[in-house]
2 protein chains.
Amino acid sequence: MKVSTRVEYGLVALADIALNSENGCTVSSAEIAERQNISQKYLEQIIIGLRQGGFVKGMKGSRGGYVLSRPAERIYLSEVLNALDNNILADAHEAEETLGNDILSSVNSCLWNKLNGYMRQFTESMTLADVIGEYRKSTGGGDMYYI
Amino acid sequence: MKVSTRVEYGLVALADIALNSENGCTVSSAEIAERQNISQKYLEQIIIGLRQGGFVKGMKGSRGGYVLSRPAERIYLSEVLNALDNNILADAHEAEETLGNDILSSVNSCLWNKLNGYMRQFTESMTLADVIGEYRKSTGGGDMYYI
DNA sequence: GCGAAAGCCTATCATTTTGCTATGGATTTC
DNA sequence: GAAATCCATAGCAAAATGATAGGCTTTCGC
């Protein structure tokens with residue numbers, strides 16, 4: 001399953017914002033772009049989608065940037081994926097529409113509907129907090145440096 | 001999850017061949033195109049992929065057409081999907097390569113690798129026979145007419 | 001044998017999607 | 001008021017998608 005850079009960058013940016021705004025400060029698109037090695041202008045467009053989805057708040061002006069608009073524990077990956085790409089997850093009711101008795105309907109009901117159902121269920125059970133937790137685990141819990 | 005027409009038509013065509021070649025006769029691309037309402041020339045290209053994947057045999061000449069090259073019970077959907085689209089399922093070893101300790105690796109290990117693993121496992125557990133069974137179930141088992 | 005019927009192969013092409021780049025306006029802080 | 005930042009939109013090249021078209025090759029039926 002190939003995922004677009006838009007989805008990839010969007011998820012990484014959201015996690016970056018979550019990780020670096022914990023002390024109350026904002027995270028600018030320039031910071032994220034440098035840390036994650038993404039074109040800043042492209043990133044800004046993607047983050048607009050995250051803002052419209054209600055996951056981050058943008059603060060204009062000098063010293064502006066982004067913060068999460070809800071705790072990471074309540075940001076479900078299903079929502080984020082839908083905001084970044086409206087084809088990656090199928091709607092729940094979409095599965096019920098294939099009631100014909102042709103071959104295509106059979107393929108849908110025994111293959112695609114089941115796969116889509118699992119993907120929806122799995123991404124609804126995961127939150128941004130899980131991603132952050134995985135990251136902390138991989139860095140041994142010691143990625144914060146205090147002077 | 002949006003699926004390309006190539007994958008959709010390919011699966012339908014394969015099931016059509018399986019269903020209509022049971023009495024030993026061949027199934028022509030023209031027949032399939034008419035029954036499934038697909039452009040015949042486009043369909044031919046797709047079926048070439050099915051033949052190269054080893055799922056069907058093509059018989060040239062008048063009275064030619066296609067038949068399965070193995071029993072439907074041994075045609076796994078994972079193989080078929082890989083033959084029709086090499087991005088739809090990820091390789092098994094691909095998952096093991098993401099061992100970095102950056103955010104992207106974390107997203108991969110807790111989201112994409114798990115989703116891909118499930119998709120692979122699920123499609124490896126399903127065969128063309130399951131699709132055909134679903135179709136027969138939907139038509140009430142009475143789609144064959146004897147004169 | 002010959003012709004029709006079928007598979008097989010390749011080229012072409014329009015449209016859409018993807019992945020950016022660029023420009024500039026709006027707003028806030030210092 | 002100037003710098004920094006978000007916000008919005010336009011443009012654009014490359015790739016993928018979804019076909020269409022032409023013609024060669026092989027085989028069956030007569």
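Convention: sequence-line order gives letters A, B, ...; per-chain numbering from 1.
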Determine all donor-acceptor pairs shorter than 3.5 Å in which one atom belongs to a side chain in residues 69-76 of chain A; sequence neighbours excluded.
residue	atom	partner	partner atom	Å
A:Ser69	OG	A:Gly54	O	2.5
A:Ser69	OG	A:Phe55	O	3.1
A:Arg70	NH1	A:Arg74	O	2.7
A:Arg70	NH1	A:Glu79	OE1	3.4
A:Arg70	NH2	A:Glu79	OE2	3.4

- line: From CD of B:Glu8 across to C1' of D:dA19 the rounded distance in Å is 14 Å
- request: Mind checking side chain to side chain contact (heavy atoms under 4.5 Å, CB included) for B:Val27 and listing every partner two or more places apart, or none if nothing turns up?
  value: B:Asp16, B:Ile17, B:Asn20, B:Ser21, B:Glu31, B:Ile32, B:Arg35
message: With heavy-atom distances below 4.5 Å as the criterion, would you say the side chains of A:Leu111 and B:Thr123 are in contact?
response: yes
task: Please check if any side-chain donor atom of B:Asp102 sits under 3.5 Å from a side-chain acceptor atom of B:Ser105, or the reverse.
output: yes
Please tabulate, for side-chain N and O atoms in residues 2-10 of chain A, each donor-acceptor pair with protein atoms closer than 3.5 Å (sequence neighbours left out).
residue	atom	partner	partner atom	Å
A:Ser4	OG	A:Val7	N	3.4
A:Thr5	OG1	A:Tyr42	OH	3.2
A:Arg6	NE	A:Leu84	O	3.1

Same apolar cluster (I L V M F W Y, side chains within < 4.5 Å links), A:Ile48/A:Leu14: no
- prompt: Heavy-atom count around B:Gln40 CD within 6.0 Å, excluding the residue itself: above 12?
  reply: yes
- prompt: Could you go step by step and tell me if A:Phe122 and B:Tyr118 meet the ring pair (Phe, Tyr, Trp, His ring centres under 6.0 Å) rule?
  reply: CA-CA 10 Å; A:Phe122 182 71; B:Tyr118 179 82; 8.7 Å; no
- request: Please state how far atom CG in A:Leu50 lies from atom P in D:dC6, giving the value in whole angstrom units.
  value: 13 Å
task: Would you mind reading off the bend of the helix from C:dG1-D:dC30 to C:dC30-D:dG1 from its two end axes, five pairs each, to 10 degrees?
output: 10°
Phosphate OP1/OP2 of C:dC8 contacted by B:Arg51 side-chain N/O (<4.0 Å): yes
Check nucleotides 3-6 of chain C against the protein and report each pair of N or O atoms closer than 3.5 Å, with its distance, or say if there are none.
residue	atom	partner	partner atom	Å
C:dA5	N3	B:Ser62	N	3.4

query: What is the distance from CG of B:Leu84 to C1' of D:dA16, rounded to the nearest Å?
result: 16 Å
message: Tell me whether the side-chain N or O atoms of A:Glu44 pair up with the base of D:dC7 as donor and acceptor below 3.5 Å, since no angle test is needed here.
response: yes
message: With hydrogens left out and only the distance checked, is there a donor-acceptor pair under 3.5 Å joining B:Lys41's side chain and the base of C:dG7?
response: no
task: Summarise how protein sits on nucleotides 10-20 of chain C as a single string, 5' to 3': B when a protein heavy atom is under 4.0 Å from the base, S for sugar-phosphate-only contact, - for no contact.
output: -B-------SB
query: Whole-Å distance between D:dT17 C1' and B:Ile46 CD1?
result: 11 Å
- prompt: For A:Gln40 and D:dT5, what is the distance between atoms CD and P respectively, to the nearest whole Å?
  reply: 9 Å
- prompt: Are there more than 12 heavy atoms of other residues, nucleotides or ligands under 6.0 Å from atom CG of A:Asn37?
  reply: no
- prompt: Taking C-beta and beyond as the side chain, do A:Glu134 and B:Ser109 meet within less than 4.5 Å on heavy atoms?
  reply: yes
query: Hey, mind stepping through B:Leu43 and B:Ile47 against side chain to side chain contact (heavy atoms under 4.5 Å, CB included) and telling me if it holds?
result: CA-CA 6 Å; B:Leu43 186 61; B:Ile47 296 181; 3.9 Å; yes
